[in-house]
Amino acid sequence: MTEDWKNRVFLTLNAGSSSLKVALYGAYDDTPIITGQADRIGPEGTLKLKDGEGQPMQVVAGDLTTHDGALGAAIATIRTARPDLRLAAIGHRVVHGGAQYTAPVVLTPEVMEDLGKLSSFAPLHQPHNLAGVRTAMAAFPGVPQVACFDTAFHRGQPFVNDTFAIPYRYYEQGVRRYGFHGLSYDYVTGELQRIAPHLMAGRVVVAHLGNGASMCAIYRGQSVASSMGFSALDGLPMGTRCGQIDPGVLLYMLDQEKLDTAQIRQILYNESGLMGLSGGLSNDMRSLEAADSPEAHRAIDYFVFRIQRELGAMAAVMGGIDALVFCGGIGENSRVVRRRVCERLGWMGIEIDHGLNAQGSQIISSEFARTTVMVVPTHEELVIARAARAVAGVPAKEAA
Ligand code: ADP
C-alpha cells in the first residue's frame, strides 16, 4: 500500500428518522475500523461506537438531540481516538434514486435537488437521508460525498415487475415498483460471484430477512423480480410493516372506519407485521421464537408462508431456481425460520441438511440437493464504502 492511502479513511452514513449509523473503513481492508450508532436522537439520544475489535469506545460528550449534534459527537470521538486518520470521502445510504439513478452518484447541488423531489415517494426515509448528507457536507466541506441507492439494484428489472395495473399515467409519474434493500442484494451478489460464480450465472433468489424484509429474484446477476414495490411496505410481512395487502383493506379503513391517512400509515408501518399478528407480543423474531405461544406461532406461520409463496413465484418467473440465499438478522441467525421455509420444497430441489443449518454454515443444503441453499451475511455499509473508495480514486491493490 502506498503511504498516501495508509491513513486515509472512508466514512459511511445511514441517517434515519431518529438514528444515525456510521462506519469507517480503510482504503483496502473490508473490516471496518470503527462502527457506531446513535439511537433515539432527541432528548433521550444515545451514541455507541466500537473499534475494529468490537470493543466499546469512550464517547466524547456531545449534543445528541439533533442529527448534526450526533454526527459531531461521533466525529469528535473518532478524532480523539485516531488523530492519525484522514477522511478521503463519505458515502451515504439514500433510500430512493427514482427511475433515474441506477448507480452511486457524486452528490452535487443538482443531484441533491433531484433527490429532494423523490421525497414524496419515500416520505419516511428520504428527507432524513438527505438531511444527513447536508449535515456531512457542512461538517466536511470539500470532501467528496457519494449517494448509494437502495433502489438502484432493481432498476433494470422488466417492465412487468416495475409497474402496477393502474392507469398508465401513474407509471409515467414515477409510481413504480422500485424494490428496496438494493445495497444488500448488491453485496450478496458480489459475494456469490466470488465464492460460487456458477450460481451467479444462473437463477438465484435472495431472501433478505431482517426487521425490514424482502426477496429478490436474480437471473444472471440481474434483478428480475422483487417483493418490495413502490414503498417499503409491500411484499413480505416485517417486524411492524404489513407486507402485501389488498388495497380494498385500505378503502375499508378509510370508508368504514373513517381513519385518516396518518392513522392508516401508523397501522401499516408501525402496528402490523409480526407485531400486529402476534397481538402486540413482539416485532422481534428472537422473542417470538422464545415465546412459543399461539400468538407467536401465528405470526411466524404467516411470515414463513409468505416467504414460501414468494419463493415459488420467483422460481416461476425465472423458469427454475439454482440457489436460495438467506441474509439479514433473521436469515443469518434463525435456524427455525430457515428450516421452516425450506420444508416441503423438495419439488424445487430444496432440501437442507439440518446439521449444517443448525451450525449456520455457508452452505446448508444437503449434499445431493439440486438447489444450493446458502447463508451469506450481508454488509450494506461495505457497498457504500466501496463506492466512496471508487469516487476518491483508490488505486487497485496490485498497483498500490
Ligand atoms: P434491520 O432490518 O433493522 O437491519 P436486522 O437485519 O438486524 O434488522 O434483523 C433484526 C431481526 O433479526 C429481528 O427480528 C431479530 O429478532 C432477528 N434475529 C437476530 N438474531 C436472531 C436469532 N439468533 N434468532 C432469531 N432471530 C434473530
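Heavy atoms only: backbone and side chains are in, while hydrogens, waters and symmetry mates are out. Just so you know, these numbers come straight off a predicted model, no measurement behind them. Note that ligands are numbered from 1 as they come in the structure, with each ligand's atoms numbered from 1 the same way. Sequential numbering from 1 along the given sequence is applied to the chain's residues.
Taking a cut-off of under 4.0 Å to the non-hydrogen atoms of N211, the atoms of ligand 1 that pass are 1 (P), 2 (O), 3 (O), 5 (P), 8 (O), 9 (O), 10 (C). Those atoms of ligand 1 with a heavy atom of G212 less than 4.0 angstrom away are 2 (O). The atoms of ligand 1 that sit less than 4.0 Å from any heavy atom of G329 are 5 (P), 6 (O), 9 (O), 12 (O), 17 (C), 18 (N), 19 (C), 20 (N), 27 (C).
Under a cut-off of 6.0 angstrom, the local environment of CD in Q173 is crowded, with over 12 non-hydrogen atoms contributed by other residues, nucleotides or ligands. The environment of E44 atom CD is sparse: at most 12 non-hydrogen atoms of other residues, nucleotides or ligands sit within 6.0 angstrom. The neighbour count for E257 CD, taken as heavy atoms of other residues, nucleotides or ligands under 6.0 Å away, is above 12. At most 12 non-hydrogen atoms from other residues, nucleotides or ligands lie less than 6.0 angstrom from CZ of R335.
Atom 25 (C) of ligand 1 has as its closest protein heavy atom S334 CB, 3.6 Å. Among all non-hydrogen protein atoms, the one lying nearest atom 23 (N) of ligand 1 is N333 CB, 3.4 Å. Among all protein heavy atoms, the one lying closest to atom 17 (C) of ligand 1 is I330 CG1, 3.6 Å. Among protein heavy atoms, atom 16 (O) of ligand 1 sits closest to D284 OD1, 2.5 Å. With hydrogens left out, the protein atom closest to atom 14 (O) of ligand 1 is M285 N, 3.0 Å, a heavy atom.
Counting only residues at least two apart or in different chains, ring-ring contact (aromatic ring centres under 6.0 Å, His included) contacts with residues 195-245 comprise F121-F230, H181-H208.
Distance check on atom 4 (O) of ligand 1: every protein heavy atom falls at or beyond the 4.0 Å cut-off.
By the 4.0 Å N-to-carboxylate-O rule, R194 lies close enough to E191 to be salt-bridged with it.
When R286, E380, H208, R338 are checked for heavy-atom proximity to atom 24 (N) of ligand 1, R286 turns out nearest.
At least one side-chain heavy atom of D162 sits less than 4.5 Å from a side-chain heavy atom of Y171. Between F303 and L277, every side-chain heavy-atom pair lies at or beyond the 4.5 Å cut-off.
Between L209 and ligand 1, not a single N/O pair is under 3.5 Å apart. Taking any N or O of K21, backbone or side chain, none lies under 3.5 Å from an N or O belonging to ligand 1.
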